[in-house]
Amino acid sequence: MEKIKLENLHFSYNQETPVIKNVSLSIEEGTYTTIIGHNGSGKSTIAKLMIGLLEAQSGSIIIDRLPLDEAHIHDIRNRIGIVFQNPDNQFIGATVADDIAFGLENHQVPSEQMQNIIETYAKKVSMSKFLNSEPTKLSGGQKQRVAIAGVLAMKPQIIIFDEATSMLDPQGKAEINALIQEIHREENLTMISITHDIEEVAHSDHVIVLDQGQIVMEGKPEDVLMHDQKLIELSLDIPNALKFQKELWKQGVKLSPCITMEKVVEEVCQLRFKN
Amino acid sequence: MPITFQKLTHEYNAGTPFSYLALDHIDLNLQEGKITAIIGETGSGKSTLVQHLNALLLPTEGSLKILDREISASEKPKHLKSLRKHVGLVFQFPEYQLFEETIAKDIAFGPKNFGASEEEALQRAKDVITLVGLDESYLERSPFELSGGQKRRVAIAGILAMDPDILVLDEPAAGLDPQGAKEMMELFVRLHTEFHKTIFIVTHDMEHVLRYCDEVVVMDHGHVKTTCSVSSFFQDPSILKEMGIHPPAVVSLRESLREVGFEIDASILTMEQLAQAVAKEVGHHE
Amino acid sequence: MNNIALGRYLPLDSCIHRLDPRAKIIALILMMVAIFLPAGWIGYALLGCAVLCLTVLAKLKMNFLWRSMKPMMFMLVFLLIINLFMLQNGTILFEIGSFPIYSDAVFQTLYITVRLMLMIILTTVLTATTKPLDLTLGIEHLLSPFKVIHLPAHEIAMMISIALRFIPTLIEETQRIMKAQASRGVDMEEGKLKEKIMSILSLIVPLFVSAFQHADDLANAMEARGYVPDRTRTRYKQLHMHIGDYVIFAICFLILGGLLVFLWI
């Protein structure tokens, strides 16, 4: 089933330069989609359009069969959660527990049920020990985990990660990436991740490539990421596995193309075994 | 002349209940004329260390020799401004330090503070704007109209305009997209090779360390864990593992292949060499 | 920045810490009224004793209270000097050179000093024993009856709590920008007037830019998590009045009533 459907979307901040040009896309329920593109390609704008933080000049957005308009915006926001880039600017509460509670309060969850929900989701993101901690005492990765708990606690059907790891140190990045993968495995959620991390793209179900506000490539990662020349033209990274496979070809070793490191190691081993 | 740290200690809020020992008796020699990466976990003391290089922070114990200056905890240093002209420090997210109406004025701000005349300073702005990859037409525009990556270039140009001998950068590529990060790092390499600047880069990105840097200093809990050349650093993955550092792709691939029984030399640091070694081994059995 | 005592929360464990913030705010208001009664020296001695007991119960150190009062010292000295010139009534206590010092001037100043000290100590006890968030929650509850006259009690409380939440972030940012500009040769202490103005601009402009960025992002995050300003929200933190809270009320009413009766006679 189609969970998200955008049709002929146009958006610009001022009249002159359009940020999103005629974008149509559909995202299936329960899939993990990554959106890539260089800075300024319109990735984050699409996320903001989907949750109605920005309003498109023309075109339509349908989420869970509901059109995104004045009448349905609150309903739609109940179904979509988003985790933003800057860990500091989305920590609203004075403590971890307060921050997870913020969305619940807005959705008018009865006070006596909150403690239970807060504890459940704090545990899910391994932040149980920090319920009473203030944001200044937490690392960037921990703050992002709290943001994820806050979003999950509202039981969304769709969750968007808008460059959620780009301001974190490598440890924070690894933590959050592992958490994203875990959520993908365990929860039946439609997930969209806006990212620069080509290795993350390789592990997703579907990838959308944006350039200057338009979709230029779309499909399964193993198909899209093969077009390395095109990716370089769009000033994007190519997967390390593919870089290595190209080098092997130059040496006369005909390895079939692959986009993840695990796969490369496996293939090389098989090749050695065969010979 | 090397930069020498002697038993340098820095304690924040010394003598209060909030005191925090960020650097603990550091002994360190840093060579001029290289690109040196300073790495370590968040909170390991990297930023505190580099802020001593232009005396934004002063040692609470021990001393530091840099250029022809000695800064020690025992005497109050004078004329710090002259040191700051020669050691340019670019903070993390430097785009947040822009404030002037035009880019030209913002870039000229530093040189003017260090005594350059209005004309000289504006000339410097013209010189450096192209260096950071923007053209002169930008000079009369407002810095606040630019994209994030462009703002950062302008901020860095503002430091380059001071013409420092030593350039210190705290995570200059953080938050940029891969292409932007690559161009940024290539700029520093150019400053090093063409203009002979000594460069220190605080970074978390091991791909950058491997590709662009000569030397590496590893900080850990306020101590210098190790200093060595980049090539020898990535030969021994045990220290990376011990410190929880995610190695560059080529190193992790090399190690994965070694684990499954390939006999690959640990000194291999490029995809090309790695492919050659694998081809040789796969070919052996043909 | 870490030496400021006024308005700072001290995470200790005392019976005053555990009181309901509403009880503490009302008690503070009652005591403030009592302080403003012209109670005479006996009245102030009584109030002083009560305040002293309170600080001991709250486990606050004298040194901490002294630090919170320090910023007022300048004002008091200034007040004394003005009084010495303006109030030339009462008996002459002594003369400095040919300038007479009148008893009224000295007593007036002392009077005000005692009142100010008591007020500052009481306020410090409130802020030092109540988490900022609980304080805003208390204010919100106490203001909620005024919703009938369209006072946006909830919005006010939300604004205060967000401001409190971002103070540490903005302090950190200020320090970073100051260092970044110092690296560009800014000297905040020395220099001519024009240079000083530029130095201040180089700090203020970036600070505003980043504050607006924070505000923008935060507004998006709040909206995305379903916040609508005038819609009813449930609350996670619930306030409960206990026996101790009523005891505090009783004591404050007794003190205020006692003083009123005392003045009547």
Side-chain angles (χ1 to χ4, degrees), chain A residues 36-41 43 85-86 139-142 163 165-175 177 195-199 231-255 261-262 264-275, chain B residues 39-44 46 92-93 146-150 152 171 174-183 203-207 240 243-262 264 270-286:
Chain A
I36 54 172
H38 59 82
N39 281 353
S41 59
K43 304 181 302 282
Q85 181 177 23
N86 190 328
S139 72
Q142 288 174 326
E163 295 193 43
T165 63
S166 75
M167 286 179 73
L168 304 180
D169 61 11
Q171 197 183 345
K173 276 196 174 85
E175 274 171 37
N177 276 332
T195 183
H196 288 306
D197 183 353
I198 209 81
E199 308 297 328
L231 291 175
I232 291 167
E233 269 171 44
L234 296 167
S235 42
L236 295 169
D237 253 357
I238 53 172
N240 287 305
L242 201 60
K243 281 185 201 159
F244 182 61
Q245 185 257 345
K246 299 263 165 202
E247 290 294 338
L248 280 178
W249 270 67
K250 281 189 207 159
Q251 301 298 327
V253 179
K254 308 283 182 219
L255 199 70
M261 285 294 196
E262 301 90 55
V264 159
V265 175
E266 201 180 296
E267 296 262 327
V268 171
C269 282
Q270 269 179 12
L271 205 61
R272 184 176 59 165
F273 187 70
K274 254 189 267 168
N275 295 330
Chain B
I39 64 171
E41 282 174 42
T42 305
S44 60
K46 304 182 300 277
Q92 206 179 351
F93 302 109
L146 304 180
S147 74
Q150 289 172 327
R152 189 169 303 180
E171 299 203 38
L176 297 179
D177 59 19
Q179 180 67 22
K182 186 168 164 263
E183 286 168 12
T203 182
H204 282 303
D205 192 323
M206 293 306 130
E207 303 285 349
L240 298 176
M243 295 194 53
I245 296 172
H246 192 68
V250 59
V251 174
S252 67
L253 183 58
R254 183 190 77 201
E255 292 307 312
S256 313
L257 289 170
R258 278 157 63 99
E259 262 167 43
V260 295
F262 278 87
I264 294 169
T270 65
M271 285 286 187
E272 196 187 351
Q273 292 171 325
L274 192 60
Q276 278 166 1
V278 169
K280 212 165 134 196
E281 192 149 334
V282 175
H284 260 301
H285 306 271
E286 268 175 341

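Quick note on labels: first sequence line is chain A, next is B, and so on, each numbered from 1.
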Peer 1: Within residues 238-247 of chain A, which positions have a heavy-atom distance to chain B below 4.5 Å?
Peer 2: A/N240, A/F244, A/E247

Peer 1: Checking A/R272 side chain against B/G261 main chain: does a donor-acceptor pair fall under 3.5 Å?
Peer 2: yes

Peer 1: At a heavy-atom separation under 4.5 Å, does B/F93 approach chain A through its side chain, its backbone, both, or neither?
Peer 2: side chain

Peer 1: Heavy-atom pairs under 4.5 Å with chain B - which of A/S235, A/S166, A/C269 has more of them than the others?
Peer 2: A/S235

Peer 1: Hey, what do you get for NZ (A/K173) to CG (B/D205), rounding to the nearest 0.5 Å?
Peer 2: 7.5 Å

Peer 1: How many angstroms lie between atom NZ of A/K250 and atom CE of B/M271, to the nearest 0.5 angstrom?
Peer 2: 11.5 Å

Peer 1: For B/T42, which atoms come within 4.5 Å of any heavy atom of chain A: side chain, backbone, both, or neither?
Peer 2: both

Peer 1: Enter the distance from A/D169:CG to B/H246:NE2 here, rounded to the nearest 0.5 Å.
Peer 2: 13.0 Å

Peer 1: Once rounded to the nearest 0.5 Å, what's the spacing between atom OG of B/S256 and atom CE of A/M261?
Peer 2: 7.5 Å

Peer 1: For B/E259, is it the side chain, the backbone, both or neither that has a heavy atom under 4.5 Å from a heavy atom of chain A?
Peer 2: neither

Peer 1: With rounding to the nearest 0.5 angstrom, report the NE2 to OG distance, A/H38 to B/S147.
Peer 2: 10.5 Å

Peer 1: What are the two closest non-hydrogen atoms of B/A275 and A/L248, and how far apart are they?
Peer 2: O-CD2, 3.6 Å

Peer 1: If you round to the nearest 0.5 Å, how far is CG of B/D177 from CG of A/L236?
Peer 2: 8.0 Å

Peer 1: Which residues pass the side-chain hydrogen bond (donor to acceptor under 3.5 Å, both in side chains) test with A/N39, sequence neighbours left out?
Peer 2: A/H196

Peer 1: Using a 4.5 Å cut-off on heavy atoms from C-beta on, say whether the side chain of A/V265 contacts that of B/L253.
Peer 2: yes

Peer 1: For B/A174, is it the side chain, the backbone, both or neither that has a heavy atom under 4.5 Å from a heavy atom of chain A?
Peer 2: neither

Peer 1: Apply side-chain hydrogen bond (donor to acceptor under 3.5 Å, both in side chains) to B/Q273 and list each qualifying residue two or more places apart in sequence or on a separate chain.
Peer 2: B/T270

Peer 1: With sequence neighbours excluded, tell me which residues meet side-chain hydrogen bond (donor to acceptor under 3.5 Å, both in side chains) with B/R254.
Peer 2: none

